[in-house]
Amino acid sequence: MSQTKPPRVRFAPSPTGYLHIGGARTALFNWLYARRTGGSFILRIEDTDQERSSESSYQAILDSMQWLGLTWDEGPAVGGPHGPYRQTERIALYREFAERLIATGKAYRCICTKEQLDVLRKESEARKRPFRYPGTCRNRRDIPADVPHAVRFITPTEGAIGFDDLVKGNISVQATEMQDEILLRSDGMPLYNFGAVVDDVTMGITLVARGDDHVINTPRQVLMYQALGYEVPRFAHLPMILGADKTRLSKRHGAVSVLQYRDEGYLPEALLNYLARLGWSSGDQEVFTIDELIQKFDWVDCGHNAGVFNPEKLRWVNAEHLKKRSPKEMGDLIEPRFRARGFDAGSRERLDSIAVLFRERARTLLELEESAAFLFKMPAYDPAGVAKFITPAIAPAMDELLALLPGVTPFNHDGIKPVFEGLLAKHNLKMVALAQACRVSISGTTVSPPIFEVMEILGKDETLARLKAGRAIIAV
RNA sequence: GUCCCUGUCGUCUAGCCCGGCCUAGGACAUUGCCCUUUCAAGGCAGUAACACGGGUUCAAAUCCCGUCAGGGACGCCA
């Protein structure tokens with residue numbers, strides 16, 4: 001019957017660092033599912049680890065989500081009927097739920113200190129036995145509510161706890177593998193498992209999708225839902241994303257922050273497209289628009305095994321999406337980046353043209369800017385290019401080109417081309433010889449977009465000036 | 001160590017649930033060729049995988065068992 005209500009899913013990062021690739025994918029899958037089903041996507045900040053949480057991380061996460069376009073229906077900045085959406089602002093709630101469990105005999109107060117337990121933990125480790133809380137306080141009823149204490153959950157000592165995972169299928173864990181979990185720390189902060197459960201029930205979450213590093217937590221949480229008397233939501237656990245060395249993705253593997261991909265000139269839809277295909281597929285399709293992703297996404301099509309992050313393929317996907325953007329959009333994308341570099345395109349129309357002309361050989365906006373830089377400031381000549389193409393043999397043709405170009409109108413591809421062709425025939429030259437001599441003169445290098453287009457976009461005066469300077473390299 | 005999950009080209013994956021259409025398909029990367037004013041892009045062709053061992057079956061990448069390998073979890077972290 002809960003199937004008839006629109007789904008409510010959430011993404012619940014902790015602000016202990018930037019939003020990384022793995023988190024972004026979890027957020028994406030939740031978001032896609034909510035958008036396809038007409039459900040709600042909730043953003044919740046799990047900041048109960050006050051040691052490691054920071055305001056700047058919180059901001060970075062929000063910025064990342066916004067840049068990716070993963071809009072949330074409820075959460076920080078937008079509010080909603082189940083707020084607040086930061087766990088540190090919900091402390092009273094966890095206390096209330098914990099007391100309720102104590103009152104019904106499903107949890108108890110515990111005054112064992114971390115230090116005492118660490119000693120026991122060490123011993124277990126030394127004996128190569130798994131550590132379990134020995135239950136020291138489990139049956140004590142003499143611990144008053146006003147001394148510092150943690151609250152522990154009473155975990156059954158036998159039987160198996162299972163759940164049906166939407167991507168992994170049936171998973172079941174023996175009760176003997178679990179222990180009396182801490183619900184509330186002695187400072188009143190909830191632990192992950194408890195905070196998540198309390199929030200998920202009070203926020204009406206119907207499906208919990210997260211990384212599969214949480215699989216083992218799920219049975220404990222199922223127990224908590226039951227103890228609290230709530231319906232257990234559905235679960236979907238996504239496989240991890242690994243680095244090239246098949247270990248968990250981290251800084252060692254290069255860029256992992258979403259914002260860094262933005263800065264390096266990736267398009268949000270490209271990053272999302274790539275992330276979606278890492279761990280999910282829809283037949284043989286590789287390139288998707290966001291709308292297609294929304295339409296086609298489903299948990300059953302998620303893979304079961306961890307995937308290696310492949311930056312090369314991301315670049316390819318990015319190039320594909322770059323080609324889909326309109327000239328106007330390309331201009332919008334490149335405008336702030338040009339400004340930051342001090343590149344002045346002069347007019348908006350020219351800016352758009354530059355973006356379109358250079359994107360063909362760029363996989364990221366960063367590559368685009370770098371390859372277009374010569375338009376704004378003549379770089380040093382590539383010595384090898386000069387040696388190979390700016391030779392005495394080409395001098396006569398260049399001289400003549402210099403004489404003819406001023407009279408060319410319009411100064412564009414169609415106007416310039418016939419001039420070159422005439423010269424080629426007259427001097428018995430190949431196009432490559434003259435074009436490369438011009439290219440090196442104009443861009444400093446042997447690589448650029450088609451040279452007539454480059455001349456057009458550079459303008460007649462600047463083209464002539466650079467050609468003259470190039471011609472002057474040739475002795476005589 | 002214990003428990004959980006996973007194992008198809010170098011990488012992401014299709015196929016697996018409902019064995020035969022799989023001499024295992026696609027994509028990135030890579031190699032060669034074509035196109036070409038350079039470099040890209042594009043086109044064409046190629047190299048390249050069912051972890052291993054047992055079963056079940058007329059038939060197994062697909063079902064079962066074991067081994068091995070990888071990942072994850074074993075916190076008053078999330």
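Computation of the quantities below employed the complete heavy-atom set of this structure, encompassing side-chain atoms and omitting hydrogens, waters and symmetry-equivalent molecules. Sequence lines set the chain letters: A, B, ... in the order given, protein chains first and strands last, and positions in each chain run from 1.
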B:rA78 OP1/OP2 closer than 4.0 Å to side-chain N/O of A:Thr48: yes
Less than 4.0 angstrom between a side-chain N/O of A:Asn217 and OP1 or OP2 of B:rC74, yes or no? no
Salt bridge (Lys or Arg N to Asp or Glu O under 4.0 Å) between A:Arg277 and A:Glu286: does it pass, once the steps are laid out? CA-CA 7 Å; A:Arg277 276 291 287 104; A:Glu286 296 286 349; 3.3 Å; yes
Can you find a side chain N or O atom of A:Lys323 that sits less than 4.0 Å from OP1 or OP2 on B:rG42? yes
Complementary nucleotide of B:rU6, counting Watson-Crick and G-U pairs under 3.5 Å: B:rA69
Closest to the side chain of A:Tyr192, out of B:rU38, B:rA78, B:rG7, is B:rA78
Test the A:Arg86-A:Tyr58 pair against the cation-pi criterion, namely NZ or CZ under 6.0 angstrom from the six-membered ring centroid and within 45° of the ring axis. yes
Salt-bridge contact A:Glu400-A:Lys426 (side-chain N to carboxylate O under 4.0 Å): yes
What contact category does A:Asp118 fall into here, base, sugar-phosphate, or nothing, at under 4.0 angstrom with non-hydrogen atoms? nothing
Heavy-atom donor-acceptor pair, A:Ser371 side chain to A:Leu368 backbone, under 3.5 Å: yes
So, is A:Arg129 close to the B:rC3 phosphate, meaning a side-chain N or O under 4.0 Å from OP1 or OP2? no
I need the minimum non-hydrogen distance between A:Thr136 and A:Cys112, along with the two atoms involved. CB-SG, 3.8 Å
Base, sugar-phosphate alone, or nothing: which one does A:Tyr274 contact when heavy atoms must sit under 4.0 Å apart? nothing
Counting only side-chain heavy atoms from C-beta out, which of B:rU38, B:rU2, B:rC12 sits nearest to A:Leu278? B:rC12
Of the candidate nucleotides B:rA14, B:rG1, B:rA78, which contains the atom at the shortest distance from the side chain of A:Pro130? B:rG1
How far, in whole Å, is B:rC44 from B:rC35 if one measures between their C1' atoms? 11 Å
Assign the ring pair A:Tyr192 / A:His214 to parallel, tilted or perpendicular, where the plane angle (0 to 90°) is split at 30° and 60°. parallel
Side chain of A:Val447 - closest among B:rC39, B:rC76, B:rU37: B:rC39
List, with names and distances, any nitrogen or oxygen atoms from the protein found under 3.5 Å away from nitrogen or oxygen atoms belonging to nucleotides 22-32 of chain B.
from	atom 1	to	atom 2	distance (Å)
B:rG25	N2	A:Asp284	OD1	3.1
B:rG26	N2	A:Arg277	NH2	3.4
B:rG26	N2	A:Glu286	OE2	2.9
B:rA27	O4'	A:Glu286	OE2	3.3
B:rA27	N3	A:Lys313	NZ	3.4
B:rC28	OP1	A:Trp316	NE1	3.3
B:rC28	O2'	A:Lys313	N	3.4

Under 4.0 Å, heavy atoms only, any strand: does A:Arg127 hit a base, just the sugar-phosphate, or nothing? nothing
Below 4.0 angstrom from OP1 or OP2 of B:rC4, is there any side-chain N or O of A:Lys168? no
For a quick check of understanding: with a heavy-atom distance under 4.0 Å over all strands, which category does A:Glu177 fall into, base, sugar-phosphate or nothing? sugar-phosphate
Residue A:Gln179, side-chain atoms from C-beta onward, closest of B:rG75, B:rC5, B:rG42: B:rG75
Looking across every strand, which nucleic acid part, if any, lies under 4.0 Å from A:Leu191 by heavy atom: base, sugar-phosphate, or nothing? sugar-phosphate
Provide the distance between the two C1' atoms, one in B:rC4 and one in B:rU57, to the nearest whole Å. 32 Å
If you look at every strand shown and take non-hydrogen atoms under 4.0 Å, does A:His237 touch a base, only sugar-phosphate, or nothing? nothing
Using the side-chain heavy atoms of A:Ile451, tell me which of these nucleotides is nearest: B:rC74, B:rA78, B:rU37. B:rU37
Per A:Val173 side chain, nearest of listed nucleotides B:rC76, B:rU37, B:rC3: B:rC3
Between C1' of B:rG75 and CZ of A:Phe153, the distance in whole Å: 18 Å
When the P atoms of B:rA51 and B:rG46 are considered, how many whole Å apart are they? 25 Å
Rounding to a whole Å, what distance do you find between A:Asp213:CG and B:rA78:C1'? 9 Å
So, for A:Thr446 and A:Arg439, which heavy atoms are closest and what is the spacing to 0.1 Å? O-CD, 3.3 Å
Taking the C1' atom of each, how far is B:rA69 from B:rU31, in whole Å? 31 Å
Counting the atoms with a prime plus P, OP1 and OP2 as sugar-phosphate, which does A:Pro239 contact under 4.0 Å by heavy atoms, base, sugar-phosphate, or nothing? nothing
Can you tell me the base-pairing partner of B:rA45? Count Watson-Crick or G-U wobble geometry only, both distances below 3.5 Å, and say none if there is no partner. B:rU31
Under 3.5 Å on both distances, the Watson-Crick or G-U partner of B:rG19: none
Presence of donor-acceptor pair under 3.5 Å, side chain of A:Ser448 and base of B:rC39: no
Write down the partner of B:rU36 under the Watson-Crick or G-U wobble criteria, each distance required to be under 3.5 Å. none
A:Gly211 near the nucleic acid: base, sugar-phosphate alone, or nothing, with a heavy-atom cut-off under 4.0 Å? nothing
Would you indicate, yes or no, if B:rG75 has its OP1 or OP2 atom less than 4.0 angstrom from a side-chain nitrogen or oxygen of A:Arg121? yes
Just checking A:Cys438: base, sugar-phosphate only, or nothing, at a heavy-atom cut-off of under 4.0 Å? nothing
When rounded to the nearest Å, what value does the distance between C1' atoms of B:rC68 and B:rC52 take? 7 Å
If I take atom CG in residue A:Asp180 and atom P in nucleotide B:rC76, what distance separates them, rounded to the nearest angstrom? 12 Å
Classify the angle between the aromatic ring planes of A:Phe297 and A:Trp280 as parallel (below 30°), tilted (30 to 60°) or perpendicular (above 60°). tilted
Any donor-acceptor pair under 3.5 Å from A:Asn30 side chain to A:Thr26 backbone: yes
Opposite nucleotide pairing with B:rU56, Watson-Crick or G-U, both atom distances under 3.5 Å: none
Is it possible for you to check whether A:Arg44 lies under 6.0 Å from the centre of the six-membered ring of A:Tyr85, through NZ or CZ, and within 45° of that ring's axis? no
Rounded to whole Å, please give me the gap between CD in A:Glu360 and P in B:rG42. 8 Å
Go ahead and name the base partner of B:rC74; Watson-Crick or wobble counts if both distances stay under 3.5 Å, otherwise write none. B:rG1
When the P atoms of B:rG1 and B:rC65 are considered, how many whole Å apart are they? 23 Å
Need to verify one output field. Residue with the more 5' nearest nucleotide on RNA chain B, A:Phe452 or A:Asp245? A:Phe452
Pairwise P distance for B:rA61 and B:rG25, with rounding to whole Å: 14 Å
What interatomic distance, in whole Å, is found between C1' of B:rG15 and the corresponding atom of B:rC50? 10 Å
Within the distance-only criterion (no hydrogens, no angle test), does the side chain of A:Arg95 pair as donor or acceptor with the backbone N or O of A:Leu184 below 3.5 angstrom? no
What nucleotide, of B:rA73, B:rU38, B:rC76, holds the atom closest to the side chain of A:Val432? B:rU38
Given that A:Ser14 and A:Asp212 both sit by RNA chain B, which one's nearest nucleotide is further toward the 5' end? A:Asp212
Quick check on B:rC39: is either OP1 or OP2 less than 4.0 Å from any side-chain nitrogen or oxygen of A:Thr446? no
CZ of A:Arg90 to CZ of A:Phe97: how many Å apart, nearest 0.5 Å? 9.0 Å
